[in-house]
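Chain letters run A, B, ... following the sequence lines, proteins first and then strands; every chain starts at 1.
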Amino acid sequence: MTETSPRDLFPGSLEMMILESLRRQPAHGYSLVQNIQQRSNNLLQVEEGSLYPALQRLLKAKLVKAEWGLSTTNRRVRTYQITASGLRHLEQQISSFERMFEGISLVLNPAKSPAS
Amino acid sequence: MNWIPNIFRRRKLYHDLSEEMRLHIEERADQLMGEGMSPAEAQRQARVAFGNTTVLEERSREVWQWPTLESIWGDVQFALRQLRRSPGFAFAAITTLALAISANTVVFAVMNALVLRPLHVPSSENLYVVGHAHSIWGYESYLDYRDLRDRNRSFDGLAADDITQGSKRLKELGIRVALGAQRKELLQAALGRAFKLLAIGSTAGLGLGILATRVLSFIVYQATPRDPLVLAGVVLAMAALGLVATWIPAQRALSVDPLVLLREE
């Protein structure tokens, strides 16, 4: 069992990854986990269940909506879909994340910074 | 504000959530079985991968809650259950609170009326009482008042009023002084009456108090309210307070010219 929880990432990162996955295609919880783990080359070993608190937060903020239905493999699943405000929120999050990431890497690798 | 509908939707929200989590574990287990794992081992692996279901479910539910309010509500319910379990303690606690609160209310009501509340007139800070320097009561004869009113240049206006209404005892004392009673006698009479009242009150209070401690000592741990020192202290304090409370007005009444008291009809 991995100890990784969303608190070990920076706040909101799990939500951001969920929104990004949902932007590509609607999905249910299980396939979201698969998706995130595969696309991170298994570097992010997120505890599968930790997805659900994040999904509830997104539901409450109306950034995603959920509906019960049948999956392609004929299982009963609750499929999540990103909403319009979810898309807007994702754009903002990504741009502020990129700025933060750039700042952090400048601090960690001063040699690459154009100023010095 | 979407928390109001959320309260009523909550049962469905929670149900959806646990159902979803259950299906997630099931799907993982099915996949593991498809890879050739035994059903029991697949179940175990799926649960391990998922994490602590209870904690995760709780954390997910918290998202919808108003956590502080709900925990306060929980505390209140717990307190009520505790009170129902020990009605004796509940009775003692509630009675104590009721007595203390009512005593405080009375004291505050008096203080509020006498000290805190401003007079019910516009710009009450410009209101003055006119009186003679030698008389602490500020009594004036009507003729004096008329003179003052007519020659007044310092105030916007003047009005006469009896602000010591209800001091019948005072008048009675005045009459008795006028009839030739000695100061000492009068003081004794006034204090004697107060003393009688105080004695009756203290005895009754003492009896009730001892009775109450019988009940209380079952309930309140380590209470020794029958401690004679405490009882004597309380009675003495109350008596002293009562005597001072009668002595001061009696002294005041006696220091006033009896004729002034009688003239105030």
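With a 4.5 Å cut-off on non-hydrogen atoms, B:R61 does not touch chain A at all. Proximity to chain B involves both the backbone and the side chain of A:L59, based on heavy atoms less than 4.5 angstrom apart.
Note that CD of A:Q56 and OH of B:Y14 are 9.5 Å apart. Values are rounded to the nearest 0.5 Å. To the nearest 0.5 Å, the span separating CD on A:Q34 from CD on B:E27 amounts to 7.5 Å. One distance of note links CD of A:E67 with CG of B:D16; it measures 11.5 Å at 0.5 Å rounding.
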_Run the side chain to side chain contact (heavy atoms under 4.5 Å, CB included) test on B:H24 and A:V33 for me, step by step, so that the C-alpha distance in whole Å, both residues' side-chain angles and the decisive distance to 0.1 Å come before the verdict._
CA-CA 10 Å; B:H24 180 125; A:V33 172; 3.8 Å; yes

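Between chain B and the residues A:A66, A:G29, A:S71, A:G49, the largest count of heavy-atom pairs under 4.5 Å involves A:G49.
For the pair A:P53 and B:S60, the tightest heavy-atom approach, listed with the atom from each and the gap, is N-OG, 3.2 Å.
The aromatic ring centroids of A:Y52 and B:F50 lie less than 6.0 Å from each other.
Residues A:Y80 and B:E20 bring a donor and an acceptor atom of their side chains to less than 3.5 Å of each other.
Evaluation of the side-chain contact (heavy atoms from CB on, under 4.5 Å) rule for B:E26 yields A:R75, B:R22, B:L23 as partners, not counting sequence neighbours.
Annotation: A:F101, atom CZ; neighbour count of heavy atoms from other residues, nucleotides and ligands within 6.0 Å does not exceed 12.
The pair A:R76-B:E19 meets the salt-bridge criterion, with a side-chain N (NZ, NE, NH1 or NH2) lying under 4.0 Å from an Asp/Glu carboxylate O.
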